[in-house]
Amino acid sequence: MNTDMPRRRDNRGLSQADLAAAVDVSRQTINAIERGRYDPSLELAFKLSAFFDCRIEDLFEPET
Amino acid sequence: MQTQIGDSYRNARTYRRAAYGSILLGTAALLIGSWIGLGLVGLVVYVLGVLGGFGLMAYVRRAESFSLADEREAALERRASHYTVSLFGAFGWVALVGASLLDATGYRVMSSVEETLLFAFAAFFLVWGVIYGLLRRRR
């Protein structure tokens, strides 16, 4: 899964640890999502999209 | 909302460290106790440490709104369990069926330990099947 999360996180001046604390997961989980090594659950994807105030499909797109 | 979620993350981290620390402390006490000749004291501290650690985990599961492990850690645990069961199943099946075959053809007599292992192996996967069936019915 490709994600726009690192850019959005950088725009807000947040570290991976800040984002992890905000959505109640570990920093390693945020890192794994950003590197495309872990696909978040639907619940976490909703949390992340709510945090960034965007739609899930703006934040993630399937690899082609 | 953000502060509340962040707090629960920090609380989970504190509980996780306390629970794992308790188990680790107990294990260290067991090893050190047996090493310096205080085996019983080490065993008592070990039991208290393990009960304390798992008790803390059970408390968080029942009483708190957060979980100690996030979804990726839970997924990793599931994958580790899957690989363990698969490896155990494949190697165990080959070894035990091979031993049974040699026994049945008279090349080698299966020992009582091997027979016990065969039954334990079958019982393990029987329990797995029962739990799988129950979960499948509930979901």
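Just so we're on the same page: letters track the sequence lines, and every chain starts at 1.
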Chemist: Which residues in residues 36-46 of chain A have any heavy atom lying under 4.5 Å from a heavy atom of chain B?
Modeler: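 When heavy atoms of chain B are the reference, residues 36-46 of chain A contributes A:Tyr38, A:Pro40, A:Ser41, A:Leu44 within the under-4.5 Å range.
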Chemist: Applying the 4.5 Å side-chain criterion to the ILVMFWY set and letting contacts propagate, would B:Phe125 and B:Leu118 be lumped into a single cluster?
Modeler: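 In one cluster: yes.
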Chemist: Give a yes or no on whether B:Met110 and B:Leu96 share a hydrophobic cluster (residues Ile, Leu, Val, Met, Phe, Trp, Tyr; joining criterion: side-chain heavy atoms under 4.5 Å apart).
Modeler: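 In one cluster with B:Met110: B:Leu96, yes.
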Chemist: Has B:Arg62 got more than 12 heavy atoms of other residues, nucleotides or ligands less than 6.0 Å from its CZ?
Modeler: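 Counting other residues, nucleotides and ligands, CZ of B:Arg62 stays at 12 neighbours or fewer.
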Chemist: A:Asp24 and B:Asp70: which non-hydrogen atoms are nearest, and at how many Å?
Modeler: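 Heavy atoms of A:Asp24 and B:Asp70 come nearest at O-CB, 4.4 Å.
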Chemist: CZ of B:Arg72 to OG of A:Ser26: how many Å apart, nearest 0.5 Å?
Modeler: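 Those atoms lie 5.5 Å apart.
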Chemist: With the 4.5 Å side-chain cut-off for hydrophobic clustering, are B:Leu30 and B:Val44 part of the same group?
Modeler: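 Result: no, two separate clusters.
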Chemist: Within a 6.0 Å radius of atom CG on A:Asn11, are there more than 12 heavy atoms belonging to other residues, nucleotides or ligands?
Modeler: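 Yes.
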Chemist: Counting only heavy atoms from other residues, nucleotides and ligands, does the tally under 6.0 Å from CZ of B:Phe54 exceed 12?
Modeler: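 Open: at most 12 neighbouring heavy atoms sit under 6.0 Å from CZ of B:Phe54.
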Chemist: Does A:Arg7 have any salt bridge (Lys or Arg N to Asp or Glu O under 4.0 Å) partners at least two apart in sequence or in another chain, and if so, which?
Modeler: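 If we apply the salt bridge (Lys or Arg N to Asp or Glu O under 4.0 Å) test to A:Arg7, skipping adjacent residues, the hits are A:Asp4.
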Chemist: At a heavy-atom separation under 4.5 Å, does B:Ala75 approach chain A through its side chain, its backbone, both, or neither?
Modeler: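 Side chain of B:Ala75 only, per the 4.5 Å heavy-atom cut-off to chain A.
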